[in-house]
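For ligands, and for the atoms within them, numbers begin at 1 and follow the listed sequence.
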Amino acid sequence: MTEPVYLDYQSSKPVDPRVVEAMLPFFTERFGNASALHAVGDDATSTLDDSRARVGRLFGASPEEIIFTSGATESNNLALMGYCLRNKRKGDHVVISEAEHISILNTSKALESLGFRVARVPIDQFGRVSPEKIRARITDDTILVSIGWASNEIGTIQPMRKIAEMLTGTGVALHTDAVAAEGLVPIDMADVPVDLMTLSSNDIYGPRGLGALYLRKGVRVTPSIIGGGQEMGLRSGTEDIASIVGMAAAADIMVSEMAEETSRLAAYRDRLIKEILARIPHSHLNGHPEHRLPNNAHFRFAGIEGESLLLSLKDENISVSTGSACSSKTLEPSHTLISCGLLHEEAHGSLELTVGRFTKESDIDRIIEVLPRVVKRLRVLSPLYTD
Ligand code: PMP
């Protein structure tokens with residue numbers, strides 16, 4: 001069997017071994033509950049405070065602005081639901097884009113069932129949303145705009161600074177789901193003033209099952225998890241100190257290594273895009289050619305199904321994706337690709353390759369060697385393909 005090649009960093013990342021090392025003492029010796037008043041509890045409290053500061057530092061946020069949650073889905077729920085419920089006296093209207101993650105799209109539907117109104121702004125063929133189109137949907141009743149910093153599928157980066165500047169002084173809060181972008185593009189709250197931001201630990205090589213919500217000072221939300229009042233009363237439940245330390249250690253590594261890492265990943269991405277488009281006829285790049293995450297290469301190949309491509313590559317011990325892992329078990333084509341204007345068969349013929357911290361040059365060599373051969377073979381069998 002050939003060496004496995006993993007090119008699906010967008011759906012899951014290994015936890016960095018240095019992060020695991022940092023977490024280990026907190027399962028055994030340092031197991032305290034941060035709400036307890038004895039010395040073991042004090043250790044947990046100071047570890048929690050310190051971790052909050054370290055996670056905040058990666059995004060230019062103060063410790064009090066970071067709320068730990070169970071992951072990005074919960075953070076997105078708390079941001080949208082929590083903000084709207086808390087601020088409904090100011091208005092009942094929310095603006096999102098058509099390309100948002102399923103956890104935003106479905107939360108926005110839940111908001112509609114509670115009587116809120118949601119405007120969904122279209123994206124262009126590259127997956128970008130225009131600040132002007134957002135502005136055009138804002139009414140006197142709009143209280144919140146939620147735009148993902150970058151697409152977890154096609155890798156397009158949104159013009160967040162322009163969107164934030166456009167909303168400054170309007171009284172409309174800005175939320176961003178930064179999960180796809182964190183650790184891959186610089187994000188600094190002093191530079192791009194968003195009000196709420198969703199973060200995930202695994203996306204910076206920390207443990208799964210942990211996320212955070214950045215809440216700018218003064219921004220209020222109604223909690224959905226009620227209990228002992230942990231996390232400034234906004235997210236009750238005993239804090240998972242081991243995982244929180246893991247996210248903090250992951251953030252420290254990003255602070256020192258992100259610049260070097262992202263330029264290495266961008267070189268892999270550029271090689272993938274150049275070689276695959278050159279070697280495979282009738283292949284196209286999805287997403288934006290320039291405003292693109294450094295880890296993402298997303299293609300479509302005329303005449304073949306992404307699923308059959310994925311399974312053929314699986315036989316070669318290569319792991320790839322056809323789009324968002326969060327909705328991969330449905331037969332629906334990607335809503336993001338359809339919003340970019342692709343036909344159903346084009347959206348179904350798409351392949352997402354995402355590189356990461358442990359990708360090697362030899363992994364890139366391998367996919368570049370195997371993919372053209374596999375596409376050629378599938379096309380011979382395909383009734384949809386005529387050269
Ligand atoms: N937002 C984005 C952009 C994502 O890619 C994901 C999934 N990785 C989520 C939210 C939800 O994350 P989780 O399933 O960890 O809650």
Inset, instruction - Tell me, please, which residues at least two apart from Asp49 pass salt bridge (charged side-chain N to carboxylate O under 4.0 Å, His left out). - result: none
Legend entry - Salt bridge flag under 4.0 Å for residues Arg18 and Asp252: no
Inset, instruction - Any atoms of ligand 1 less than 4.0 Å from a non-hydrogen atom of Gln10? List them with their elements. - result: 5 (O)
Inset, instruction - Ignoring angles and geometry beyond distance, decide whether Thr73 reaches within less than 3.5 Å of ligand 1 through its nitrogen or oxygen atoms. - result: yes
Legend entry - Polar atom proximity, Asp177 to ligand 1 (N or O, under 3.5 Å): yes
Inset, instruction - Kindly say whether Leu78 contributes a backbone atom to a donor-acceptor pair with the side chain of Tyr83 at under 3.5 angstrom? - result: no
Legend entry - Reported CD1-to-CZ distance for the pair Ile241 and Phe68, which is rounded to 0.5 angstrom: 8.5 Å
Legend entry - Sub-4.0 Å heavy-atom approach of Glu74 to ligand 1: no
